[in-house]
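Here is the structure we will look at, set down as structure tokens.
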Protein chains: 2
Amino acid sequence: MVDREFFLGFIKIHILYHATEGPIFGLGMAEELARHGYRLGPGTLYPTLHRLEKEGYLESHPKVVGGKVRRYYTITEKGKVALEEARKKIRELVAEVMEEK
Amino acid sequence: MVDREFFLGFIKIHILYHATEGPIFGLGMAEELARHGYRLGPGTLYPTLHRLEKEGYLESHPKVVGGKVRRYYTITEKGKVALEEARKKIRELVAEVMEEK
DNA sequence: TAGGATAATATCGCAATACAATATCGGGAA
DNA sequence: TTCCCGATATTGTATTGCGATATTATCCTA
């Protein structure tokens with residue numbers, strides 16, 4: 001398995017993306033990421049969400065679902081801009097490093 | 001301009017890629033990255049190269065060019081495997097977050 | 001109704017990373 | 001010699017990553 005340091009940014013971009021598709025909450029996001037092969041413990045996930053919110057990419061509010069309090073995150077305008085920027089960089093990365101064929 | 005935390009992994013993947021195309025050295029790589037809009041100071045670049053080498057993705061040897069010592073890096077087998085893994089993850093990322101069309 | 005399992009988020013403490021600034025090093029030019 | 005330039009290295013601080021642990025509230029079941 002290849003070092004995480006290459007992919008932490010990918011994970012954050014996934015998070016931004018999922019937050020555009022609809023409100024996300026921590027554990028649900030962890031499951032989503034696991035489907036892509038990214039295993040993320042709570043000690044990484046939650047601080048990351050907090051930071052993305054603090055930096056203005058996401059905003060959140062708590063909601064009670066099935067008796068449990070979940071903190072749902074949605075993307076902000078700044079977050080959308082960041083995601084667009086990320087898509088540009090992904091295109092560049094693809095153009096550069098992917099074998100055509 | 002969007003936060004670096006999203007793109008540090010991209011930069012490392014670029015570095016691996018360029019190291020497959022031929023030997024690279026620090027300053028030359030910095031210029032290459034600048035072409036993609038990534039500005040990387042020496043305090044980030046060199047420790048990153050050292051770490052990629054220490055972890056076995058790259059190997060290096062010094063060479064005198066025009067009187068100046070350059071440290072050239074080439075990719076290792078492990079580095080090639082990592083790059084392939086990265087390509088897979090990039091494909092997944094594209095499939096997930098890029099608007100089709 | 002007490003106890004335990006479960007869902008979910010939060011935080012602590014240490015290690016690893018990022019990075020601006022600064023240092024170093026050798027050669028060429030004046 | 002002295003200064004500049006190309007190039008790499010290191011230092012000190014701040015930030016980030018992350019395993020482990022804590023916390024909180026509800027549901028289930030005996």
Side-chain angles (χ1 to χ4, degrees), chain A residues 1-16 18-19 22-34 37-74 82 89, chain B residues 1-16 18-19 23-34 37-74 82:
Chain A
M1 206 8 170
V2 163
D3 203 305
R4 279 286 272 287
E5 73 180 303
F6 294 105
F7 303 121
L8 284 171
F10 286 31
I11 290 174
K12 290 174 192 170
I13 293 169
H14 264 288
I15 291 174
L16 287 190
H18 284 292
I24 57 168
F25 69 100
L27 257 197
M29 192 66 221
E31 285 161 18
E32 190 65 45
L33 289 171
Y38 301 115
R39 297 189 324 290
L40 207 46
T44 303
L45 178 61
Y46 291 107
T48 295
L49 290 173
H50 298 166
R51 201 168 46 254
L52 290 176
E53 177 165 33
K54 181 159 145 259
E55 288 163 356
Y57 300 111
L58 299 176
E59 58 189 12
S60 76
H61 63 276
K63 196 182 168 195
V64 176
V65 177
K68 303 291 156 44
V69 177
R70 291 176 180 176
R71 179 163 290 272
Y72 275 97
Y73 291 85
T74 50
K89 294 284 191 200
Chain B
M1 202 14 168
V2 165
D3 203 307
R4 279 287 274 287
E5 74 180 303
F6 294 105
F7 303 122
L8 285 171
F10 286 32
I11 291 175
K12 290 173 193 170
I13 293 169
H14 265 289
I15 290 174
L16 287 190
H18 284 290
I24 57 168
F25 68 101
L27 259 196
M29 192 65 222
E31 285 160 18
E32 191 63 45
L33 289 171
Y38 302 114
R39 295 188 325 289
L40 208 45
T44 304
L45 177 63
Y46 291 108
T48 296
L49 289 173
H50 297 166
R51 202 167 45 254
L52 290 177
E53 178 166 31
K54 182 158 142 263
E55 288 164 355
Y57 301 111
L58 300 176
E59 59 189 11
S60 76
H61 61 276
K63 195 181 168 194
V64 177
V65 177
K68 304 291 158 43
V69 177
R70 291 177 181 174
R71 179 163 292 271
Y72 276 98
Y73 291 85
T74 49

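Letters A, B, ... mirror the listed sequences (proteins, then strands); counts begin at 1. Please read these numbers as outputs of a predicted model, since none were measured by experiment.
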Inset, instruction - Just call it for A/K12: base, sugar-phosphate, or nothing, with non-hydrogen atoms closer than 4.0 Å on any strand. - result: sugar-phosphate

Legend entry - Check: B/E53 side chain, B/S60 main-chain N or O, donor-acceptor pair, under 3.5 Å: yes

Inset, instruction - For A/Y38 and D/dG17, give me the distance from atom OH to atom C1', rounded to whole Å. - result: 16 Å

Legend entry - Rounded distance (Å) that lies between atom P of C/dA8 and atom CZ of A/R70: 4 Å

Legend entry - Selection from D/dC18, C/dC19, C/dA10 that lies nearest to any side-chain heavy atom of B/L40: C/dC19

Inset, instruction - Rounded off to whole Å, could you give me the CZ-to-P distance for the A/R39 and D/dG17 pair? - result: 17 Å

Legend entry - Aromatic ring proximity, centroids under 6.0 angstrom, A/F10 and B/F10: yes

Legend entry - Residue mapping more 5' on DNA chain D - nearest nucleotide basis, A/G43 or A/G67: A/G43

Legend entry - B/E5 CD - C/dA16 P separation (whole Å): 21 Å

Inset, instruction - Can you tell me the distance, in whole Å, between the OH atom of A/Y46 and the P atom of C/dA7? - result: 12 Å

Legend entry - Approximate separation, where rounding is to 0.5 Å, of A/E55 CD and A/Y57 OH: 5.5 Å

Inset, instruction - On DNA chain D, check which nucleotide each of B/G28 and A/V64 is closest to and give me the residue with the more 5' one. - result: B/G28

Inset, instruction - Looking only at side-chain atoms of B/K68, point me to the closest of C/dT17, D/dC18, D/dG6. - result: D/dG6

Legend entry - Check: B/Y72/B/R70 side-chain N/O donor and acceptor closer than 3.5 Å: yes

Legend entry - side-chain N/O A/T44 vs D/dC18 OP1/OP2, d < 4.0 Å: yes

Inset, instruction - Take atom NE2 of B/H50 and atom P of D/dT11, then tell me their distance rounded to the nearest Å. - result: 12 Å

Legend entry - Nearest-nucleotide 5' precedence on DNA chain C, A/P42 against B/L8: A/P42

Inset, instruction - May I ask you to verify if any side-chain N or O of A/R4 is less than 4.0 angstrom from the OP1 or OP2 atom of D/dC18? - result: yes

Inset, instruction - Find the distance A/E55:CD to D/dT16:C1' and express it as a whole number of Å. - result: 11 Å

Inset, instruction - Using atom CZ of B/F6 as one end and atom P of C/dT17 as the other, report the distance to the nearest whole Å. - result: 20 Å

Legend entry - Check: A/T48 side chain, A/T44 main-chain N or O, donor-acceptor pair, under 3.5 Å: yes

Legend entry - N/O (side chain, B/R71) to phosphate O (OP1/OP2, D/dA9) under 4.0 Å: yes

Inset, instruction - Taking only the side-chain heavy atoms of B/F25 (C-beta and beyond), determine which of D/dG17, D/dT8, C/dA18 contains the nearest atom. - result: D/dT8

